[in-house]
Amino acid sequence: MQHITQQEINVCAEYNKAKHPESGAIVMFSGDVRNHNKGQKVKYIDYEAYDALADKTIAKILTEAKEKWDLQYAECIHRIGKVGICETAVVVLVSSVHRKEAYDANRFIIDQVKALAPIWKHEFFEDGTSKWGANCDCASEDHEHLHHHH
Amino acid sequence: MQHITQQEINVCAEYNKAKHPESGAIVMFSGDVRNHNKGQKVKYIDYEAYDALADKTIAKILTEAKEKWDLQYAECIHRIGKVGICETAVVVLVSSVHRKEAYDANRFIIDQVKALAPIWKHEFFEDGTSKWGANCDCASEDHEHLHHHH
Amino acid sequence: MIKVHFFAALKQYFTDSISVEFIENETVTDFIQRLAQFYPDAAEPLTKCRVAINEEFVSFSDTIQSQTEVYVIPPSSGG
Amino acid sequence: MIKVHFFAALKQYFTDSISVEFIENETVTDFIQRLAQFYPDAAEPLTKCRVAINEEFVSFSDTIQSQTEVYVIPPSSGG
């Protein structure tokens, strides 16, 4: 399991791994837990994954990115379990000769991981409710199930 | 002088400053010195700047980015003087609620800084020659002056 | 019997996993419809799910073999 | 006199800074052309430069005042 971890992600260490003498550009994306979502105050998110398939899916996406762009390095690590506000849930690192490839590949990787990797967020709110999340780049109304914890 | 430094850039420290409880996305760009350029082996780059105007220019670009996008944080620091292979010459950090703004604003900032900030690279090559650089996203031939150091 | 695994919101209906009867030549589509009949409240979320077998996503027209473990995969919401 | 500062490749022709005579009502364009006449080798790189006075970029149609320091800014190549 290379791309799924239950530990806190050491973002600096991941950045340092992306350093490469042939690379002029490193682009890093850090997906952090924020304190609000659709008007609700978020306390933390508990991420669940189908670990084995999520890991394989991310590995495939990274391979695809390396086929599409000339990259010296591409990595994505997603944390599962309870992730607090400001903590990193997912990090994507890409190194390339010029910056265009690094931006494009980085964005491709996170878009694909969010769309395809079997990982789910369970948001816990300040008011004691919780909700299994849908990715909300969509502006549409929320179809998710809302239920109270006792 | 906030945006120009003669010191090594502490990329991890800069990343940590970008953390914000309302931000779900941090995008970081690290522009590093690579060991090759247009077929020549690069030993290091010596960056020169018109410091005061470079600093003001970067500050303006960051203000413009914050006007164009809803960002919790935007910073750019450019190092001057001698920068070795794999070392960071420039870092751009942007935080926002969603990732699209963070990517777009980050790319805007580095594009503008490279185009407008009075900073110049002086490349020193393994073969003992050196060259004042042009930004080479262009595919055109090199108009720069090449001269030997004795 | 076929063991079926659920994740995220679907665990609210099915728990983590259930065992269901094996039916010869059943497609993934038919299998999902059978699950929806057991738990009508889950019918709508089930329509959005993909299915994985042996750590690979399978197509809805594939038939489900005996003795396999089926993973019902709701839309991703990681990151 | 006007003090003129140079950067990067232009220092090869002019050194870091030179002093040139003040001419009444001279525009930035005319001023750059005067520099090019002093050092014909620098004529081509000078055509690509911007000019800054008092830490602000100025327009080519601006006139240069006495006692100002002029900064000749080659195309950026940072990052």
Side-chain angles (χ1 to χ4, degrees), chain B residues 3-4 29-34 37 45-61 76-80 83 88-92 107 109-123 130-138 142-149, chain D residues 1-20 27-29 31-33 35-65 67-79:
Chain B
H3 307 295
I4 304 293
F29 171 78
S30 166
D32 297 356
V33 172
R34 57 180 199 267
N37 193 18
I45 296 180
D46 199 346
Y47 286 95
E48 180 180 331
Y50 175 11
D51 296 16
L53 185 54
D55 193 60
K56 279 176 83 163
T57 304
I58 294 175
K60 270 186 202 167
I61 293 166
C76 173
I77 295 168
H78 203 301
R79 182 175 167 192
I80 55 172
V83 184
T88 298
V90 58
V91 69
V92 179
R107 204 158 173 172
I109 291 166
I110 191 62
D111 286 351
Q112 292 289 99
V113 167
K114 289 202 178 215
L116 301 178
I119 303 171
W120 304 277
K121 66 175 175 186
H122 196 175
E123 292 179 297
S130 77
K131 191 161 71 170
W132 283 99
N135 263 324
C136 63
D137 285 338
C138 52
D142 188 3
H143 294 291
E144 296 308 298
H145 184 80
L146 182 67
H147 65 107
H148 272 267
H149 284 256
Chain D
M1 298 297 278
I2 296 169
K3 192 161 188 193
V4 194
H5 298 267
F6 298 97
F7 297 98
L10 282 175
K11 290 192 299 189
Q12 297 164 201
Y13 311 104
F14 296 100
T15 74
D16 279 23
S17 63
I18 60 172
S19 289
V20 301
T27 64
V28 170
T29 299
F31 179 79
I32 289 287
Q33 278 172 359
L35 291 177
Q37 281 162 7
F38 291 164
Y39 298 85
D41 282 355
E44 199 269 338
L46 278 170
T47 62
K48 299 178 180 169
C49 290
R50 293 174 293 167
V51 167
I53 293 170
N54 295 325
E55 293 182 14
E56 297 287 348
F57 289 106
V58 296
S59 134
F60 286 103
S61 57
D62 286 4
T63 56
I64 290 172
Q65 308 300 312
Q67 309 297 337
T68 56
E69 303 209 4
V70 175
Y71 292 79
V72 179
I73 312 285
S76 300
S77 63

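Predicted, not measured: the structure shown is a model, and the values here were computed from it. All chains are named by letter (A, B, ...) in the order of the sequence lines, taking the proteins before the strands, and each is independently numbered beginning at 1. Worth knowing before you read on, the calculation uses all heavy atoms, side chains too, and leaves out hydrogens, waters and symmetry mates.
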From NZ (B/K131) to OG (D/S77), nearest 0.5 Å = 11.0 Å

task = Below 4.5 Å from any heavy atom of chain D, which atoms of B/A54 appear? Answer side chain, backbone, both or neither.
result = neither

query = Quick check: does any side chain N or O of B/H122 sit under 3.5 Å from a backbone N or O of D/A8, one acting as donor and the other as acceptor?
reply = no

Shortest non-hydrogen contact from D/I73 toward B/P118 = CG2-CB, 3.8 Å

key: Shortest non-hydrogen separation from B/A115 to D/S76 and the atoms involved   = O-OG, 3.4 Å

query = Looking at D/A52 and B/Y50, what are the two nearest heavy atoms and their distance?
reply = CB-CE2, 4.3 Å

request  = For residues B/H78 and D/G79, report the shortest heavy-atom separation together with the two atoms involved.
outcome  = NE2-N, 2.7 Å

task = Sequence neighbours left out, what pairs pass salt bridge (Lys or Arg N to Asp or Glu O under 4.0 Å) with at least one residue falling in residues 5-20 of chain D?
result = B/E48-D/K11

request  = Under 4.5 Å heavy-atom distance to chain B, tell me which part of D/Y71 shows up: side chain, backbone, both or neither.
outcome  = side chain

inquiry  = Is B/Y47 close to chain D through its backbone or its side chain, or both, or neither, when contacts mean heavy atoms under 4.5 Å?
reply    = side chain

inquiry  = Looking at D/E55 and B/K60, is there a salt bridge between them, counting it only when a charged N and a carboxylate O are closer than 4.0 Å?
reply    = no

request  = Indicate the atoms forming the closest heavy-atom contact of D/R50 with B/L116, along with that distance.
outcome  = NH2-O, 2.9 Å

ask   = Can you tell me how far the CG atom of D/N54 sits from the CG atom of B/L53, to the nearest 0.5 Å?
value = 11.0 Å

key: Partners meeting ring pair (Phe, Tyr, Trp, His ring centres under 6.0 Å) with D/F60 (sequence neighbours left out)   = none

inquiry  = Given 3.5 Å as the limit, does a donor-acceptor pair link the side chain of B/W120 with the main chain of D/P74, or not?
reply    = yes

task = Please state whether the side chain, the backbone, both or neither of B/T57 comes within less than 4.5 Å of a heavy atom of chain D.
result = side chain

